[in-house]
Amino acid sequence: MILEHALLQVRPGQSDAFEGAMAKARPIIARQPGCQSVEVRPEQGNPDRYLLLVKWDRIESHRDGFRRSEDYQLWRGLLHAFYSPMPEIAYYGASIFDD
């Protein structure tokens with residue numbers, strides 16, 4: 001399992017519109033092969049910043065599957081205009097603890 005992590009900085013005053021667009025975009029990524037779960041969390045004390053966490057079965061499901069799909073263009077069209085700057089994506093492996 002791979003955890004995709006992105007900090008989403010939304011343009012000031014656009015958080016309500018962003019949340020509405022994300023509600024439309026979330027099912028797009030959730031239906032992708034290899035996607036296990038999607039979370040979007042607002043930052044406490046900063047209404048214009050969010051944490052996106054997506055669990056993928058493997059990195060290729062995101063990088064080579066979703067990012068190269070027509071669905072990615074839909075996702076991009078719904079969300080990318082809200083970001084300033086564009087988010088940096090990082091991938092993390094399994095937890096070092098056996099919970």
Side-chain angles (χ1 to χ4, degrees):
M1 187 275 301
I2 295 295
L3 183 63
E4 174 193 354
H5 168 282
L7 289 176
L8 311 176
Q9 184 64 51
V10 173
R11 295 179 189 280
Q14 294 291 306
S15 60
D16 288 342
F18 167 75
E19 289 183 16
M22 182 57 82
K24 294 176 185 174
R26 187 178 181 276
I28 295 170
I29 196 170
R31 70 180 175 223
Q32 299 308 302
C35 181
Q36 297 177 11
S37 67
V38 180
E39 292 182 51
V40 181
R41 298 178 181 214
E43 181 178 313
Q44 295 296 299
N46 184 349
D48 298 321
R49 193 158 150 165
Y50 297 80
L51 173 64
L52 170 67
L53 297 171
V54 184
K55 288 183 185 175
W56 296 97
D57 60 354
R58 53 197 193 103
I59 197 170
E60 292 83 5
S61 296
H62 178 248
R63 189 186 61 213
D64 302 333
F66 179 54
R67 295 290 296 266
R68 294 182 180 177
S69 72
E70 290 183 24
D71 275 345
Y72 179 72
Q73 298 308 314
L74 296 173
W75 169 273
R76 181 182 168 146
L78 285 167
L79 299 174
H80 282 204
F82 289 103
Y83 305 141
S84 181
M86 288 301 292
E88 290 187 30
I89 306 296
Y91 301 100
Y92 295 87
S95 175
I96 61 172
F97 301 108
D98 293 330
D99 287 351

**Message:** Restricting to non-hydrogen atoms, name the atom on Tyr50 and the atom on Ser15 that form the minimum distance, rounded to 0.1 Å.
**Reply:**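 In terms of heavy atoms, the two residues are closest at OH-CB, 3.2 Å.
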
Would you say the side chain of [Y] lies within less than 4.5 Å of the side chain of [X], judging by non-hydrogen atoms?
X: Ile2; Y: Val54; answer: no
X: Gln9; Y: Asp48; answer: yes
X: His62; Y: Tyr91; answer: yes

**Asked** Run the side chain to side chain contact (heavy atoms under 4.5 Å, CB included) check on Glu43 and Leu51 step by step: do they pass?
**Response** CA-CA 7 Å; Glu43 181 178 313; Leu51 173 64; over 6 Å; no

**Request:** Please answer: with hydrophobic residues joined when any side-chain heavy atoms are less than 4.5 Å apart, are Leu7 and Val10 in the same cluster?
**Result:**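 No, Leu7 does not connect to Val10 through the hydrophobic network.
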
**Asked** Side chains of Gln32 and Tyr72: do they bring a donor and an acceptor to under 3.5 Å?
**Response**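 Absent: no donor and acceptor within the cut-off.
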
Measuring from [X]:[atom1] to [Y]:[atom2], what's the distance to the nearest 0.5 Å?
X: Lys55; Y: Ser61; atom1: NZ; atom2: OG; result: 15.0 Å
X: Met1; Y: Ser95; atom1: CE; atom2: OG; result: 8.0 Å
X: Tyr92; Y: Glu4; atom1: OH; atom2: CD; result: 11.0 Å
X: Glu39; Y: His5; atom1: CD; atom2: NE2; result: 11.5 Å

Please tabulate, one pair per line, all N/O donor-acceptor pairs under 3.5 Å involving side-chain atoms of residues 73-90, not counting sequence neighbours.
none

**Item:** Ile29 vs Asp71, side chain to side chain contact (heavy atoms under 4.5 Å, CB included): CA-CA, chis, key distance, verdict
**Value:** CA-CA 8 Å; Ile29 196 170; Asp71 275 345; over 6 Å; no

